[in-house]
Participant: 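Structure provided below as structure tokens; questions to follow.
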Amino acid sequence: MSKDIVKNDKIFSRRKARDYAYQLIFSFLFNGEKDELLLQRISEDKHILEDDLEYITLTYDMSIDNIEEIKATIEKYAIGYQLDRIYKPDLAVLILAICEMKYNTEIPRAVAISEAVSIIKKYSTAKSGPFVNGILASVYKELNNESN
């Protein structure tokens, strides 16, 4: 198997893993609790690499463990929007991306933003992309200023 095929499989797997993490967060927003059944189904996906299953679990846990801090960050930059009025697909992707940006040093912040915008194009409205991108750009600036 060539290096390119392996690399593409890993990229595909991480994108799929991020999509699964998004779905778990989305489910949490509706149910108010962890969806262990969905997590079990995801773990049975033969196309997900072991590293990516670890990523899903870690991201899901970090998102839920830090949900109040992440929501406060969203509220800070979602000027004119109450948190409970933000479209749930948009809120879920914001939680995912901010979790990656703040708590996962292995993922470049720009990648977290780019992937969030890709996810939102798949699951939300045309207006959601600029809204999500704007909030994440503000978070990106804040985090970069803190690290300098």
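Nothing here was measured: the structure is a model prediction, and the numbers come from that model.
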Participant: Between Cys99 and Asn66, is there a side-chain heavy-atom distance shorter than 4.5 Å?
Facilitator: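 The answer is no; the side chains never approach within 4.5 Å.
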Participant: Hey, are Lys121 and Ser128 close enough side-chain-wise for a donor-acceptor pair under 3.5 Å?
Facilitator: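 No, Lys121 and Ser128 have no side-chain donor paired with an acceptor closer than 3.5 Å.
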Participant: Does any non-hydrogen side-chain atom of Glu100 lie less than 4.5 Å from one of Val111?
Facilitator: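 No, too far: nothing below the 4.5 Å cut-off.
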Participant: If the condition is side chain to side chain contact (heavy atoms under 4.5 Å, CB included), which residues does Asn31 pass it with, not counting sequence neighbours?
Facilitator: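 Per chain and number, Asn31 pairs via side chain to side chain contact (heavy atoms under 4.5 Å, CB included) with Ser27, Glu33, Asp35.
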Participant: Within the side chain of Asn145, is there an N or O that forms a donor-acceptor pair under 3.5 Å with the backbone of Lys141?
Facilitator: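 Such a contact is found between Asn145 side chain and Lys141 backbone.
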Participant: Report yes if the side chains of Met62 and Leu58 come closer than 4.5 Å at any heavy-atom pair, otherwise no.
Facilitator: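 The answer is yes; the side chains approach within 4.5 Å.
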Participant: Would you confirm whether the ring centroid of Tyr81 sits within less than 6.0 angstrom of the ring centroid of Phe131?
Facilitator: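 When the ring centroids of Phe131 and Tyr81 are compared, they turn out to be within the sub-6.0 Å range.
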Participant: Partners of Lys76 by side chain to side chain donor-acceptor pair (under 3.5 Å), sequence neighbours excluded?
Facilitator: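 Per chain and number, Lys76 pairs via side chain to side chain donor-acceptor pair (under 3.5 Å) with Glu142.
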Participant: Let's go through Gln40 and Glu44 carefully: what are the C-alpha distance in whole Å and the side-chain angles of both, what is the deciding distance for side-chain hydrogen bond (donor to acceptor under 3.5 Å, both in side chains) to 0.1 Å, and is it a yes or a no?
Facilitator: CA-CA 7 Å; Gln40 177 62 36; Glu44 295 167 358; 2.9 Å; yes
Participant: So, using salt bridge (charged side-chain N to carboxylate O under 4.0 Å, His left out) as the criterion, who are the partners of Lys71 when residues are at least two apart?
Facilitator: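 Applying salt bridge (charged side-chain N to carboxylate O under 4.0 Å, His left out) to Lys71 gives none.
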Participant: Let me check something: do Ile119 and Phe30 share a hydrophobic cluster, defined by ILVMFWY side-chain heavy atoms less than 4.5 Å apart, either directly or through other members?
Facilitator: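 Yes; Phe30 is reachable from Ile119 via cluster members.
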Participant: Quick one: closest heavy-atom pair of Ile95 and Ile70, and the distance?
Facilitator: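 Looks like CA-CG2, 3.7 Å.
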Participant: Please test Asp51 against Arg14 for salt bridge (charged side-chain N to carboxylate O under 4.0 Å, His left out), starting from the C-alpha separation and ending with a verdict.
Facilitator: CA-CA 9 Å; Asp51 287 350; Arg14 180 50 57 102; over 6 Å; no
Participant: Would you please name every residue forming a salt bridge (charged side-chain N to carboxylate O under 4.0 Å, His left out) with Lys34, sequence neighbours left out?
Facilitator: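 By the salt bridge (charged side-chain N to carboxylate O under 4.0 Å, His left out) rule, Lys34 matches Asp61.
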Participant: For the CZ atom of Arg15 and the CD atom of Glu115, what is their distance to the nearest 0.5 Å?
Facilitator: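 Output value for this atom pair is 4.5 Å.
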Participant: Are Tyr22 and Tyr123 close enough that their ring centres sit under 6.0 Å apart?
Facilitator: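 Here the rings of Tyr123 and Tyr22 have centres that are less than 6.0 Å from each other.
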Participant: Within a strict 4.5 Å, meaning less than it, do heavy atoms of the Tyr60 and Ile64 side chains meet?
Facilitator: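 A side-chain contact under 4.5 Å exists here.
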Participant: Under the rule for side chain to side chain contact (heavy atoms under 4.5 Å, CB included), what residues qualify as partners of Ala21, not counting sequence neighbours?
Facilitator: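 Side chain to side chain contact (heavy atoms under 4.5 Å, CB included) check on Ala21 returns Tyr55, Thr59, Leu96.
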Participant: I would like to know whether Lys102 and Glu69 meet salt bridge (charged side-chain N to carboxylate O under 4.0 Å, His left out); could you show each step before the answer?
Facilitator: CA-CA 10 Å; Lys102 289 182 100 170; Glu69 184 179 332; 3.1 Å; yes
Participant: Only counting residues at least two apart or in another chain, list the ones meeting side chain to side chain contact (heavy atoms under 4.5 Å, CB included) with Ser138.
Facilitator: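 Applying side chain to side chain contact (heavy atoms under 4.5 Å, CB included) to Ser138 gives Tyr77.
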Participant: Go through the steps for Arg109 and Val139 under the test side-chain contact (heavy atoms from CB on, under 4.5 Å), then give the verdict.
Facilitator: CA-CA 10 Å; Arg109 292 174 180 151; Val139 173; over 6 Å; no
Participant: Between Asp52 and Arg18 (salt bridge meaning N to carboxylate O under 4.0 Å), is one present in this structure?
Facilitator: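 Looking at Asp52 and Arg18, the cut-off is not met.
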Participant: Give the intermediate values and the outcome of side-chain hydrogen bond (donor to acceptor under 3.5 Å, both in side chains) for residues Asp45 and Tyr20.
Facilitator: CA-CA 10 Å; Asp45 185 334; Tyr20 278 143; 2.5 Å; yes
